[in-house]
Amino acid sequence: MAATVQVVVGGVDCHTEFHHAVALDERGRAMGDRRFAATGAGYAQMLAWLRTHGDVRTVGVESSGSYGAGLTRYLNASGIEVLEVNRPHAHLRHRRGKTDAIDAEAAARKVLAGEVKVRPKDTTGTVEAIRQLKVARDGAIKARSVALVQLGDLVITAPSELRERLRRKTRRGQASLCRRLRADRNRLGDPVEAAKFALAKFALRSLAMRIEALDAKVAALDEALAALVDR
């Protein structure tokens, strides 16, 4: 009789630095588990290890859109079907215990039982590039908002002469004015002038320049995003 090829179903519990894989046969018998580095070399070693057990058809991956995104791309490029597996509910994890091997095996068993059928989102094309740029843009906007609030707080405690000049302007106007501030270094021996230099002029100007840099970053990201969205 012709030899039959063992069908293998894999399950992977993903983390930042490593991934834990489990191999099951088509009857659900565990054939082994191993930990691999979350790197390109680690992905190749994992797939090679799974293939030592037979014909790898499908792999269930937890966190396929975050910690397991790189592994998911590698497996798809290697012709392996990847299914997205949600992390188990906290009550279930408490009842059965928590180890990486247990989570990886649970992922494989969900695939084998037909409980999961969703393929992870494609993270290789333009949509993924847009997502990455948008993450960077959101971070820049958040940092700029924080800087503008800090600028407003510093204006409140600035020396009265400078505070009156700044209070009549919007936050953007305040940032523009603060970028042009220069201290009178010839009068730094005066404690008042020293305080203005250290607390008001230097701090405000530095913060305003940071806001300007973040403005430029957001503008550059907007330009890149516009081109990708049009495409």
Side-chain angles (χ1 to χ4, degrees), residues 13-19 38-39 61-73 84-87 89-90 118-185 187-188 190-231:
D13 181 34
C14 297
H15 299 272
T16 305
E17 301 295 332
F18 66 87
H19 300 330
T39 63
V61 177
E62 281 190 7
S63 307
S64 60
S66 54
Y67 299 127
L71 174 63
T72 297
R73 285 192 292 269
E84 184 175 325
V85 179
N86 293 328
R87 296 185 69 82
H89 192 277
V118 177
R119 290 182 172 83
K121 294 179 180 179
D122 181 14
T123 60
T124 60
T126 303
V127 172
E128 175 62 12
I130 289 173
R131 187 192 68 79
Q132 293 181 0
L133 290 175
K134 186 178 183 300
V135 169
R137 181 183 183 275
D138 291 345
I141 288 177
K142 183 176 180 180
R144 184 179 62 184
S145 298
V146 170
L148 286 168
V149 170
Q150 290 175 337
L151 180 65
D153 292 341
L154 283 174
V155 168
I156 293 173
T157 59
S160 57
E161 179 183 347
L162 181 58
R163 185 173 67 249
E164 290 303 318
R165 290 172 59 194
L166 292 170
R167 286 179 62 182
R168 293 192 293 269
K169 296 183 177 295
T170 64
R171 288 286 172 86
R172 293 285 183 184
Q174 290 173 349
S176 178
L177 176 59
C178 289
R179 285 195 296 270
R180 301 193 298 271
L181 289 176
R182 298 294 185 274
D184 185 355
R185 295 178 179 270
R187 299 179 58 195
L188 291 183
D190 182 342
V192 175
E193 287 300 316
K196 289 181 181 179
F197 173 72
L199 178 61
K201 293 187 178 181
F202 180 76
L204 287 169
R205 184 166 179 263
S206 175
L207 197 54
M209 291 176 69
R210 183 183 176 203
I211 292 168
E212 182 182 35
L214 288 168
D215 280 340
K217 181 177 181 180
V218 172
L221 289 167
D222 281 342
E223 183 179 354
L225 279 167
L228 288 177
V229 170
D230 288 342
R231 186 186 305 173

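Since the structure is predicted, the reported quantities are computational estimates derived from the model, not experimental observations.
- Considering every non-hydrogen atom in both Glu84 and Ser64, the closest pair reads CG-OG, 3.2 Å.
- Between Leu228 and Ala129, the shortest heavy-atom contact is CD1-CB, 3.9 Å.
- Atom CZ of Arg231 and atom CD1 of Ile130 lie 9.0 Å apart (nearest 0.5 Å).
- Side-chain atoms of Arg137 and Ile141, non-hydrogen and from C-beta on, do get closer than 4.5 Å to each other.
- Closest non-hydrogen pair, Leu133 versus Leu221, comes out as CD2-CD2, 3.8 Å.
- Taking 4.0 Å as the cut-off between side-chain N and carboxylate O, Asp138 and Lys134 count as a salt-bridged pair.
- Here the OH atom belonging to Tyr67 is positioned 12.0 Å from the CD atom belonging to Glu62, to the nearest 0.5 angstrom.
- When all heavy atoms of Ile211 and Ala147 are compared, the closest pair comes out as CG1-CB, 3.5 Å.
- Atom CD of Gln132 and atom CG of Leu225 lie 11.0 Å apart (nearest 0.5 Å).
- Contact between Ala143 and Leu214 at its shortest, heavy atoms only, is C-CD1, 3.7 Å.
- Summarising the geometry of Val61 relative to Cys14, their closest heavy-atom pair is CG1-SG, 3.6 Å, with the distance given to 0.1 Å.
- Atom CD of Glu17 sits in a sparse spot, with 12 or fewer heavy atoms from other residues, nucleotides or ligands closer than 6.0 Å.
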